[in-house]
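Below, read A as the first sequence line, B as the second, and so on, with proteins coming before strands; counting in each chain starts at 1. Computed from a predicted structure; not experimentally measured.
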Amino acid sequence: MASRNLILAFESSCDETSVSVVEDGHKILSNIIATQIDSHQRFGGVVPEVASRHHIEQITRCLDEALDQANVTYDDLKAVAITYGPGLVGSLLVGVSAAKAVAWAHHLPLVPVNHMAGHIYAARFVNEFVFPQMALLVSGGHTEIVYMKDEYSFEILGETRDDAAGEAYDKIGRVLGVSYPAGKTIDEWAHAGHDTFHFPRAMEKDHNYDFSFSGLKSAFINTFHNAEQRGETLDRNDLAASFQQSVVDVLVEKTLKALQQYPVKQLILAGGVAANQGLRERLEADVTRQFPTVTLIKAPLKLCGDNAAMIGAAGEVAYRKGQRADMSLNAMPGLSF
Amino acid sequence: MKILAIDTSNHPLSIAITDDDQLIATTTLNLTKNHSIYVMPTIEKLVAIAGWQPADLDRIVVAKGPGSYTGVRIAVTTAKTLADTLQIDLVGVSSLKVIGAHVAQLQAGRPTIVIFNARRNNVFAAGYQAQQGQMNEWLAQQHMSFEDLLQLVEERQEAVSMVGEFDAQFDEQVAQSPAHSLITRLPANYAIPSAYDLAILGRSAQPVTQLDEFVPDYLRITEAEANWQKKHPGELKQSYVREV
Ligand SMILES: Nc1ncnc2c1ncn2[C@@H]1O[C@H](COP(=O)(O)OP(=O)(O)OP(=O)(O)O)[C@@H](O)[C@H]1O
Ligand SMILES: [Mg+2]
């Protein structure tokens with residue numbers, strides 16, 4: 001039995017192939033990430049079959065590099081952690097097949113990890129977790145407020161009823177001619193503009209923790225096209241700022257409301273959209289002011305997007321909790337908490 | 001040499017372990033279920049029955065396509081990762097050849113054409129011919145319309161056997177084709193691949209030298225890629241994946 005607490009983690013749920021070695025659940029020894037963004041940019045979004053093909057091109061190279069960089073061998077490892085959902089089935093299957101092969105070849109336990117738990121555990125590299133805890137999870141496919149009473153227990157308090165926040169960014173980005181994924185560019189433009197359009201804040205005052213972004217998206221697109229038809233060009237920075245303000249308002253408002261009802265010690269901000277500067281600043285300011293006893297842990301910028309280190313961090317906890325998969329583990333594209 | 005052979009290119013899943021040419025154990029499933037669930041448990045079981053350890057394996061042989069994209073990827077990912085992690089040889093064999101070479105051997109001199117249904121009246125096809133103890137390629141593997149395949153047989157005026165995934169439409173087209181008297185369609189039981197055959201084909205073949213680069217033979221680029229290339233002639237880059 002290995003004396004060090006090392007997890008080898010695989011992640012391939014969407015358009016990043018990633019393999020990482022994590023020690024004690026919070027130290028990154030390596031985190032190799034091969035991104036296919038340049039490929040999918042040609043199509044304006046992720047094409048599943050293209051993504052699967054890229055994953056199989058990358059998988060063993062990422063694996064070898066992750067072990068090399070961490071300077072460890074298979075004998076040093078305690079377990080293999082793998083994202084088995086949610087995500088694109090063809091993409092997930094490459095990581096799942098590879099992780100199973102490695103686990104079997106070296107008699108290592110196989111630990112199945114929910115990709116969204118992984119996103120939350122990206123914050124574990126910043127701070128130790130104390131419970132109860134809450135997470136605002138905002139990514140390309142998800143927008144959720146998650147309550148964690150104890151370690152590795154997840155309860156969804158609210159979620160989006162239509163588009164995810166990241167998806168909305170990407171869709172309005174396309175209208176503005178920004179290449180996929182648009183979030184980062186819109187964020188930058190937003191910082192140079194002002195909220196002059198006052199787009200709707202959907203469900204902001206509803207008595208639940210659910211979100212909706214499709215109304216905002218439509219309002220944005222209508223405003224843009226109506227101006228276009230009149231031959232007017234609207235200031236793109238103001239458009240971005242107005243859109244972002246609406247998204248951030250709703251996300252923050254609902255999170256604060258949830259904090260009121262569910263007293264927690266820590267609030268985690270994670271997922272691809274957690275890289276958003278506007279959201280990070282606003283949440284920080286509001287939480288500090290209104291909930292001084294709650295510690296906000298923002299996932300590190302580099303670990304907001306998909307990566308295997310976060311799967312390793314979650315995997316280490318899942319391993320301690322005794323979670324195991326056998327060789328029949330399959331990809332679960334629609335997996336949820 | 002201890003060999004593990006894996007084929008999940010189409011509906012059937014076939015796994016074998018051999019010691020050189022000697023079959024130790026094999027399992028074939030034809031459940032049309034998700035191969036991901038059964039590949040590793042089957043490997044695990046066969047290797048355990050043989051009393052081997054994973055580290056005892058010397059070589060992995062995999063059917064590398066064409067076939068169902070997802071099916072082929074499960075076998076190739078598994079095979080490639082096993083070869084990489086155990087640091088042993090990997091050999092890829094055409095999934096068409098696994099079936100074709102076996103049948104061609106039984107009828108020396110007579111070409112055998114294998115087809116996999118690629119939908120919309122298209123097939124993945126290849127032809128094999130056993131001559132003087134050699135297995136020759138009578139038709140290089142390719143993606144083509146079934147019509148073109150029939151026309152090719154007609155042009156070559158050779159009596160052939162055909163085996164593979166036939167549907168009613170294909171049978172109808174054979175019956176109507178001027179080439180129909182040249183074609184003997186073999187029953188469906190000949191179309192089930194045997195990983196034992198795969199292991200034998202891979203035993204003496206040259207192993208892959210660039211393991212990381214080993215990918216399936218899809219024989220088709222994706223529709224998205226084809227459309228993009230049409231709109232952007234000459235713009236295709238060497239690689240679209242980068243490390244961050
Ligand atoms: N600074 C930013 N501001 C807003 N959105 C951003 C920013 N940076 C990235 N994004 C968005 O984050 C999303 C990608 O996040 P992530 O990789 O976590 O999503 P995913 O893995 O595709 O989906 P999921 O994790 O839900 O399965 C994209 O929609 C992208 O536009
Ligand atoms: Mg993600």
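With respect to the salt-bridge test (charged N to carboxylate O, under 4.0 angstrom), the residues A/Glu49 and A/Arg53 qualify. For B/Glu137 and B/Lys97, the salt-bridge test fails: no basic side-chain N is under 4.0 Å from an acidic carboxylate O. Salt-bridge annotation for A/Lys27 and A/Glu316: absent, with no side-chain N of the basic residue lying under 4.0 Å from a carboxylate O of the acidic one.
B/Ser9 and B/Ser95 are linked by a side-chain donor-acceptor pair at a separation below 3.5 angstrom, with hydrogens and angles left out of the test. Side-chain contact of A/Ser39 with A/His54: a donor-acceptor pair under 3.5 Å is present, judged by distance alone.
Considering only heavy-atom pairs separated by less than 4.5 Å from chain B, the leading option among A/Ala101, A/Ser328, A/Gly95, A/Ala331 is A/Ser328. Note: B/Thr85 leads B/Thr78, B/Asn34, B/Thr81, B/Thr85 in heavy-atom pairs under 4.5 Å with chain A. No other option in A/Arg61, A/Gln58, A/Arg42, A/Glu57 has as many heavy-atom pairs under 4.5 Å with chain B as A/Arg42. Chosen from B/Ile74, B/Val244, B/Asp212, the residue pairing most often with chain A at heavy-atom distances under 4.5 Å is B/Asp212.
The contact between B/Thr70 and chain A is made entirely by side chain atoms (from C-beta outward), counting heavy-atom distances below 4.5 Å. The part of A/Glu65 that comes within reach of chain B is its side chain, from C-beta onward, which places non-hydrogen atoms under 4.5 angstrom from that chain. Residue B/Leu236 touches chain A through its side chain alone, counting heavy-atom pairs closer than 4.5 Å. Interface residue A/Ile32: only side-chain heavy atoms are found under 4.5 Å from chain B. For chain B, the nearby part of A/His106 is the side chain; its heavy atoms alone come within less than 4.5 Å. Looking at B/Val39, there are no atoms closer than 4.5 Å to chain A (heavy atoms on both sides), in backbone or side chain. Heavy atoms closer than 4.5 Å to chain A are found in both the backbone and the side chain of B/Glu243. Interface residue A/Val47: only side-chain heavy atoms are found under 4.5 Å from chain B. Only the backbone of A/Leu329 has a heavy atom closer than 4.5 Å to any heavy atom of chain B.
In this structure, A/Ser18 contributes its side chain and A/Asn307 its backbone to no donor-acceptor pair below 3.5 Å.
Counting heavy atoms of neighbouring residues, nucleotides and ligands inside a 6.0 Å radius, atom NE2 of A/His26 exceeds 12 of them. Taking a 6.0 Å sphere around CZ of A/Arg174, one finds it holds 12 or fewer heavy atoms contributed by other residues, nucleotides or ligands.
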Query raised in the report: What do the steps show when you test B/Gln53 against A/His107 for side chain to side chain donor-acceptor pair (under 3.5 Å), and what is the final call?
Result: CA-CA 10 Å; B/Gln53 289 297 318; A/His107 303 286; 2.9 Å; yes
